[in-house]
Amino acid sequence: MTVAETDGAIQLISPSVLQGHKDNKPYFATVLGFSLPGAEVGVLAERLIAGAVHDALVCALERCRILPPSKIYIDGLRSMGGHFMSEKTEITRRRVIKSGAAAAAAAGATPYFFSRAFADGHGYRNAPKGDTVTFGFNVPQTGAYADEGADELRAYELAVEHINAGGGGMLDTFSSKVLKGGVNGKKVAFVTGDTQTKSDAARASAKRMIENDGAIMITGGSSSGVAIAVQGLCQEAGVIFMAGLTHSNDTTGKDKRANGFRHFFNTEMTGSALAPVLESNFGKDRTAYHLTADYTWGWSQEGSIKKYTENLGWKTAAAVRTPLGAGDFSSFITPVLDSGADVLVLNHYGKDMVNSLTQAVQFGLRGKQVNGKDFAIVVPLYSRLMAQGAGENVKGIYGSTNWHWSLSDEGSKAFVKSFGTKYGFPPSQAAHTTYCQAILYADACQRAGTFMPSEVGKALEGFKFDGLGNGPTEYRAEDHQCFKDVLVVKGKENPSSKFDVLEVVEVTPRAQVEYKADLLGGELGPYNNG
Amino acid sequence: MDAIFLQILNGLDKGGAYALIALGLTLVFGTLGVVNFAHGALFMLGAFCAVTLNRLLNVSYEQVSETEKDFLGNPLKEQVPYLQGWLGEDMGSFLLDYSVPLSIIMAIVVMGIVGVVMERGLIRHFYKRPHADQILVTFGLAIVIGELIRHYYGANPIPQSAPSAVSGAANVGAWVGLGNNVIYPWWRLVYFAFSAVVIFGVFAFLQFTTFGMVVRAGMQDRETVGLLGINIQQKFTIVFALAAIVAGVAGAMYTPILPPDYNMGMDFLVLSFVVVVVGGMGSLGGAVLAGFLLGILQSFASMSVVQNALPGIAQIIVYLVAVIVLLTLPRGLMGRKGVMED
């Protein structure tokens with residue numbers, strides 16, 4: 001909230017947290033990076049305690065031999081009195097709105113970072129000093145999606161190896177050839193955080209990586225709830241967010257942000273790719289029962305599948321929301337048995353999907369006859385990891401996926417080979433999309449010749465590439481969403497190994513899954529460089 | 001009708017687990033007068049007995065296959081459990097298949113030891129202290145146990161499978177004349193039967209053995225039993241171990257239904273306390289009755305008809321019922337006068 005109006009002479013480096021007491025009430029303030037050595041921040045804080053805010057800032061800046069800003073707005077700090085913002089302090093809504101941060105609050109994002117664009121256009125948050133640049137990998141290491149998270153981290157480590165070596169894996173087949181070892185002359189280092197598959201934990205770990213570790217960008221995650229929360233945070237902080245596995249429409253729809261980019265596909269594409277396959281296998285006269293994970297991705301998935309199947313003439317018997325991580329789905333599954341539905345759509349992912357599918361099969365839903373037809377189970381978003389977890393139960397069950405290791409294009413083969421040699425098993429779709437995101441980001445920085453978010457973003461917008469396993473792909477400028485072919489898959493009846501659990505039934509061409517940029521709403525807004 | 005029948009089955013299943021935990025909780029409270037917040041952790045420890053046994057049985061050596069190739073085209077490295085090398089492939093895979101039921105034996109031994117150590121080592125120092133102190137120390141212990149498990153087994157749930165003979169679904173409808181639409185997983189029926197047997201066993205033990213008679217007498221009047229020359233303290237230590245064993249085997253057998261993680265105990269603990277309070281503090285019959293009752297209510301609340309009428313009811317129904325019961329029957333369904341009322 002403390003904003004120093006600068007005339008371009010001050011370079012922002014990293015934010016510092018000020019804290020102290022006045023009238024026995026604690027102050028917490030995030031003051032955006034003046035280039036103050038650690039000791040000076042201490043001085044600054046002391047002066048603040050004494051209440052001489054303006055003088056302290058000027059004094060501290062002078063001691064750093066920095067021209068003091070012409071104006072210093074400190075009303076935020078002053079008016080906040082006893083309450084101030086930090087990660088752990090309670091935020092009073094009224095104050096946030098009063099301080100003009102209402103927009104950020106409305107977007108569901110607690111304003112952690114207070115900053116303004118640079119007048120001279122040269123500075124940006126966490127501009128790398130020295131010969132390394134730090135990427136922030138924010139993945140679920142615990143929680144319902146921890147398996148995906150572990151695979152993402154493996155992929156990132158591999159991507160960093162390849163970027164620093166200037167080759168290897170899919171970097172060799174990637175159509176852009178500008179990466180020759182490192183990015184913009186710097187080697188890539190990385191820090192990691194645990195999202196715990198929870199939005200608040202994910203934001204805290206992203207914030208830590210940006211503030212304390214100087215991460216130039218944040219990437220990763222395996223939940224749309226987390227992706228949207230972290231994307232909002234990165235927009236405010238002024239770093240690029242390269243989304244990991246996130247499938248909700250909202251990530252690049254209603255909640256899209258200029259600083260956020262998504263390589264993964266979304267539920268709209270799943271719906272349009274899956275519908276024709278469902279029609280040819282199950283016909284037009286079907287009644288579906290949805291079990292839906294109760295958060296943004298589940299709702300989005302349920303909506304898209306409903307829309308496309310109802311267009312086919314299917315009916316929807318019921319759509320029941322289940323809490324994320326419910327574990328035991330039996331009481332949600334038994335009502336399906338006599339609902340008259342002949343299709344069960346499981347809008348679940350990760351461990352939830354493993355549990356709900358296993359339990360649905362235990363309850364005899366597969367192989368059951370309803371309305372004179374074979375009962376069908378559909379898992380709109382499939383991943384090989386989940387299929388493996390659910391074992392035998394996935395046989396013959398349809399779904400869609402972003403990528404699968406059995407694809408035979410050169411990029412996929414190269415990726416499977418390098419990943420498999422390093423780790424001993426093939427990569428998952430989560431590993432694939434995060435590897436691509438790391439490579440795409442590094443490539444865009446190299447082409448832009450800088451790490452400045454606005455320039456990197458412009459290099460990604462409208463970028464057409466190939467050789468990353470999905471065929472020709474484009475980062476659409478209007479919504480920062482990648483458009484490419486979508487795979488419709490089915491649980492394999494006779495797997496030849498424990499990894500060979502899915503077979504690709506159809507590669508739905510990009511043209512069929514593409515939609516108008518304004519279909520899903522939302523505004524990108526301007527780039528924020530911190 | 002089918003749906004109602006199935007939800008009753010679901011409820012009995014969940015209720016079985018609640019009842020087993022609540023039974024131990026009530027037993028410990030009735031005998032030792034201790035409110036044991038670490039009881040959920042004992043349930044979780046039991047579940048991890050099943051995980052541990054499965055891992056022990058699965059200790060493997062690597063064998064390079066001559067014919068099969070892995071996904072990169074290199075010769076496949078197969079993991080062969082030592083068990084199969086020693087006992088032959090059939091016997092080895094039979095033991096692996098039945099690792100969950102077998103883990104009951106392990107759980108009885110491990111949980112018996114844990115129970116005695118916990119009571120002698122920690123709980124007994126708190127008999128004369130206020131309930132608040134007991135709650136604090138046992139809750140702290142629950143956190144310590146949970147974190148230890150997290151350290152050694154990781155934070156992710158570890159799925160266990162039921163023996164293949166009972167991994168499918170049973171055509172329950174045909175048995176009771178409801179048609180082929182009513183099917184229910186075998187393992188859940190096994191679990192229900194198992195919990196009924198254990199509950200019956202505990203009651204029979206307390207009702208028909210001399211040991212049980214002494215324990216019941218001790219629950220009524222500790223001092224008089226002591227005056228008769230009986231070492232009631234020793235008996236109560238055994239009761240604590242028994243409660244730990246009941247929670248442990250309940251946890252071990254629950255693993256094919258819900259993959260265990262370190263936090264599993266906490267999830268069950270809160271519900272079990274509600275069960276104990278609704279059933280009536282100190283009443284064993286009340287704990288069992290309330291366990292099944294709340295399990296069934298929870299199942300009905302998650303039916304789509306109910307969910308549509310009252311969204312979110314599935315998550316709060318148990319607490320709602322607890323509030324209503326306590327307002328109308330402050331001692332719970334079968335609570336006795338004078339328990340925790342001093």
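Every chain is numbered from 1 and lettered A, B, ... according to where its sequence line falls, protein lines coming before strand lines.
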Exercise. By side-chain contact (heavy atoms from CB on, under 4.5 Å), which residues pair with Ala170(B), not counting sequence neighbours?
Worked result: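 Listed in chain order: Val172(B), Trp175(B), Trp186(B), Leu189(B).
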
Exercise. Among all residues two or more places apart in sequence or in another chain, which pass the side-chain contact (heavy atoms from CB on, under 4.5 Å) test with Ser161(B)?
Worked result: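 With sequence neighbours excluded, Ser161(B) shows a side-chain contact (heavy atoms from CB on, under 4.5 Å) to no residue whatsoever.
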
For this session: Sort Phe5(B) into side chain, backbone, both or neither according to what part of it lies under 4.5 angstrom from a heavy atom of chain A.
Result: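 When you check distances to chain A, no heavy atom of Phe5(B) falls under 4.5 Å.
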
For this session: Give, as side chain, backbone, both or neither, the part of Leu258(B) having an atom under 4.5 angstrom from any heavy atom of chain A.
Result: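 Only the side chain of Leu258(B) comes within 4.5 Å of chain A.
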
For this session: Grab the two heavy atoms, one from Gly364(A) and one from Ala169(B), that are nearest each other, plus how far apart they are.
Result: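 Where Gly364(A) meets Ala169(B) most closely, the heavy atoms are N-CB, 4.1 Å.
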
Exercise. Does a donor on one side chain sit under 3.5 Å from an acceptor on the other, for Ser331(A) and Asn10(B)?
Worked result: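 Ser331(A) vs Asn10(B): no donor-acceptor pair found between side chains.
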
Using a 4.5 Å cut-off on heavy atoms from C-beta on, say whether the side chain of [Y] contacts that of [X].
{"X": "Asp328(A)", "Y": "Tyr254(B)", "answer": "yes"}
{"X": "Gln359(A)", "Y": "Pro185(B)", "answer": "no"}
{"X": "Asn355(A)", "Y": "Pro259(B)", "answer": "yes"}

Under a 4.5 Å heavy-atom cut-off, does chain B meet the side chain of [X], its backbone, both or neither?
{"X": "Thr358(A)", "answer": "neither"}
{"X": "Lys368(A)", "answer": "side chain"}
{"X": "Val416(A)", "answer": "both"}

Crowding at [atom1], [X] (>12 non-hydrogen neighbours, <6.0 Å):
{"X": "Glu392(A)", "atom1": "CD", "value": "no"}
{"X": "Lys417(A)", "atom1": "NZ", "value": "no"}
{"X": "Tyr152(B)", "atom1": "OH", "value": "no"}

Exercise. Taking Tyr289(A), Phe499(A), Phe425(A) one by one, which has the highest count of heavy-atom pairs under 4.5 Å against chain B?
Worked result: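 Top option by heavy-atom pairs under 4.5 Å: Phe425(A).
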
For this session: Quick one: which of Lys14(B), Arg188(B), Gln298(B) has the most heavy-atom pairs under 4.5 Å with chain A, could you say?
Result: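 Of the options given, most contacts go to Arg188(B).
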
